[in-house]
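For reference, the structure discussed in these notes is given below.
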Amino acid sequence: SPLIYPEGEEFTFGKAKILREGRDVTVMATGMLVWEALEAAWLCNENGINVRVMDIHTIRPLDGEAILEAARSTGAVVTAEEHLVHCGLGSQVAQFVTHYCPVPMEFVGIKDTYAESGKPAELFERYGLTARHIVSAIEQVLKKKK
């Protein structure tokens, strides 16, 4: 996966990093899907959709303050993770958002199945974890937002 941060970048547990500002929707990603989220944001920008991208590098503790601000300011959230949709980043964000600021959400991650081994690019495609899949989730959540 391409490098996103310069060498020596500092991270604080429980503090998300905003990699791209946006006003229409927020993509909260973790792990290798952070790069896919950035690519999705660039693709969406070509169609006039302004996407905020957040790197949620630690799920526990969750950066509730950043998540709440993003939900309030963009009004829609997509989570993206190379993990099961159930019990991962998406579930944690959904529980938080539902309690404090309900907004439409979509989830990109592995559905309820056993994953196979293989080359990362092939697996990302097989399990719907590419920038194209994130763009689709963004389009779906924006339909719910209207």
Side-chain angles (χ1 to χ4, degrees), residues 1-5 11 13-146:
S1 140
L3 292 176
I4 296 171
Y5 297 102
F11 294 84
F13 284 108
K15 291 293 178 187
K17 290 190 177 267
I18 298 174
L19 301 178
R20 179 186 167 103
E21 291 291 345
R23 67 181 176 278
D24 298 324
V25 60
T26 300
V27 176
M28 299 179 188
T30 191
M32 292 175 64
L33 265 62
V34 173
W35 177 258
E36 298 293 328
L38 287 168
E39 283 193 352
W42 295 320
L43 292 168
C44 286
N45 192 57
E46 294 173 3
N47 295 321
I49 301 171
N50 194 266
V51 180
R52 177 183 299 194
V53 176
M54 293 173 60
D55 180 356
I56 309 289
H57 54 84
T58 53
I59 297 172
R60 291 195 59 111
L62 198 61
D63 189 349
E65 184 179 313
I67 290 168
L68 184 58
E69 194 283 322
R72 285 184 175 147
S73 65
T74 64
V77 171
V78 171
T79 60
E81 59 192 308
E82 75 272 9
H83 185 279
L84 292 172
V85 171
H86 297 57
C87 302
L89 174 67
S91 295
Q92 294 294 313
V93 170
Q95 287 177 341
F96 187 85
V97 168
T98 298
H99 187 72
Y100 294 104
C101 182
V103 297
M105 290 188 67
E106 284 290 327
F107 307 90
V108 174
I110 299 174
K111 307 305 181 231
D112 194 17
T113 187
Y114 291 103
E116 298 175 12
S117 296
K119 295 179 181 176
E122 293 171 358
L123 294 173
F124 273 36
E125 186 62 42
R126 178 180 178 99
Y127 294 108
L129 307 176
T130 67
R132 180 176 53 83
H133 292 97
I134 296 171
V135 169
S136 179
I138 289 168
E139 291 168 346
Q140 290 301 311
V141 82
L142 289 175
K143 289 178 186 174
K144 293 179 186 179
K145 186 178 169 183
K146 294 183 181 188

For Glu122, check salt bridge (Lys or Arg N to Asp or Glu O under 4.0 Å) against everything at least two apart and list the hits.
none
Does [X] reach the main-chain N or O of [Y] with its side chain, forming a donor-acceptor pair under 3.5 Å?
{"X": "Thr74", "Y": "Ala76", "value": "yes"}
{"X": "Thr30", "Y": "Ile59", "value": "no"}
{"X": "Glu106", "Y": "Val78", "value": "no"}
{"X": "Thr79", "Y": "Phe107", "value": "no"}
{"X": "Tyr100", "Y": "Gln95", "value": "no"}
{"X": "Lys111", "Y": "Leu84", "value": "no"}

Against Leu38, only a single residue in Asp55, Val27, Val53 fulfils side-chain contact (heavy atoms from CB on, under 4.5 Å); can you say which?
Val53
Can you list every ring-ring contact (aromatic ring centres under 6.0 Å, His included) pair that touches residues 24-70, not counting sequence neighbours?
Phe11-His57, Trp35-Trp42
Do His133 and Ser136 meet the criterion of a side-chain donor-acceptor pair at a distance under 3.5 Å?
no
Distance, nearest 0.5 Å, that separates CZ of Arg23 from CD1 of Ile49:
10.5 Å
Inter-residue atom distance Phe124.CZ - Lys119.NZ, 0.5 Å rounding:
15.0 Å
Tell me, please, which residues at least two apart from His83 pass ring pair (Phe, Tyr, Trp, His ring centres under 6.0 Å).
none
